[in-house]
Amino acid sequence: MTYPHLAEPTDIWSETDTPIKDHMPDWRHWFTEEEASKPDRRPWRGWSRFPATSPMTAVEWLEREARKIPNEWHILGAYPDSPVPSVDAGATDRYLTRDQVLDYMRERGRDISISTWSSPRSFSAPSVPKLPLTGAWTAAGVAPVHAG
């Protein structure tokens, strides 16, 4: 059954910087040593449907949907073996919002409140120069704060 009033999303392939063997304990069942040493690539299928009658623009919808992709993954494109030309730029252009930073730290055992992060004497890492007013951080920039 088709629904002409709904636009169907397609798979978008993503890749993590972490080799398969570093996050899949039973990798030997599925991969050779060479394959398991490569970054993991998976299709992203977490899209919601975009109703044709939505008051939201397609760009707004895509931005909202892109926020669902975990931070440690970056987009390759529609096909895993032919990445989009901007894949390298996209891999380095991954920033976290304040709430994502706090979630990132909480997932790693360090629970810091918003008020603590935002205080003048905070644990916070410096924000990247691109977004000084709203704040944006990289996972690499937050790691020393988390360890501290």
Side-chain angles (χ1 to χ4, degrees), residues 1-52 54 56-114 116-117 122-132 134-148:
M1 175 178 258
T2 61
Y3 299 93
H5 61 285
L6 294 174
E8 275 297 319
T10 186
D11 287 340
I12 299 295
W13 282 84
S14 59
E15 178 180 77
T16 182
D17 296 329
T18 308
I20 293 168
K21 64 183 178 180
D22 288 358
H23 65 87
M24 187 182 290
D26 60 346
W27 64 267
R28 285 186 170 85
H29 295 285
W30 313 104
F31 302 98
T32 66
E33 177 77 32
E34 181 183 347
E35 292 169 330
S37 297
K38 295 179 181 177
D40 197 358
R41 291 183 172 182
R42 297 182 188 177
W44 173 252
R45 296 188 173 126
W47 306 106
S48 66
R49 292 182 178 205
F50 178 65
S54 175
M56 184 181 298
T57 67
V59 171
E60 290 170 330
W61 176 81
L62 282 170
E63 286 294 329
R64 187 191 71 195
E65 294 301 303
R67 288 186 199 105
K68 295 178 183 178
I69 299 171
N71 289 318
E72 58 273 10
W73 292 81
H74 57 272
I75 300 301
L76 289 176
Y79 305 100
D81 296 326
S82 56
V84 295
S86 62
V87 70
D88 291 333
T92 60
D93 190 23
R94 290 181 278 167
Y95 298 102
L96 308 172
T97 65
R98 180 201 62 207
D99 292 344
Q100 289 171 322
V101 167
L102 297 178
D103 288 344
Y104 173 89
M105 293 181 73
R106 195 173 298 112
E107 290 167 3
R108 288 157 179 78
R110 184 131 190 223
D111 196 8
I112 295 178
S113 69
I114 291 172
T116 301
W117 183 262
S122 74
F123 294 91
S124 74
S127 178
V128 295
K130 277 182 155 179
L131 301 167
T134 59
W137 295 266
T138 62
V142 172
V145 176
H146 173 262

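Fair warning: this is a prediction, and the values are worked out from it, not measured in the lab.
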From R42 atom CZ to L76 atom CG, the distance as rounded to the nearest 0.5 Å: 13.0 Å
Contact summary for A78 and W13, nearest pair of heavy atoms: O-CD1, 3.3 Å
Non-hydrogen atoms of L102 and I112 that approach each other most closely: CD2-O, 3.5 Å
Value rounded to 0.5 Å, distance of CG in D99 from CZ in R106: 8.5 Å
Side chain to side chain, K68 and W44, heavy atoms closer than 4.5 Å: yes
Under the side-chain hydrogen bond (donor to acceptor under 3.5 Å, both in side chains) test, residues paired with D81 that sit two or more places apart: none
Minimum heavy-atom distance A36-W27, with the two atoms named: CB-CE3, 3.2 Å
Pairwise distance NE2(H29) to CE(M24) - rounded to 0.5 angstrom: 11.0 Å
Over 12 foreign heavy atoms within 6.0 Å of CD, E34: no
Worked verdict on S37 versus F31 for side-chain contact (heavy atoms from CB on, under 4.5 Å): CA-CA 9 Å; S37 297; F31 302 98; over 6 Å; no
Ring geometry between H23 and W73 (parallel below 30°, tilted from 30 to 60°, perpendicular above 60°): perpendicular
Reported CD1-to-CZ distance for the pair I20 and R41, which is rounded to 0.5 angstrom: 9.5 Å
Exercise: identify the closest heavy-atom pair between T16 and P39: O-CB, 2.9 Å
Side chain to side chain, D22 and D40, heavy atoms closer than 4.5 Å: no
Partner residues of T57 under the side-chain hydrogen bond (donor to acceptor under 3.5 Å, both in side chains) criterion, sequence neighbours left out: E60
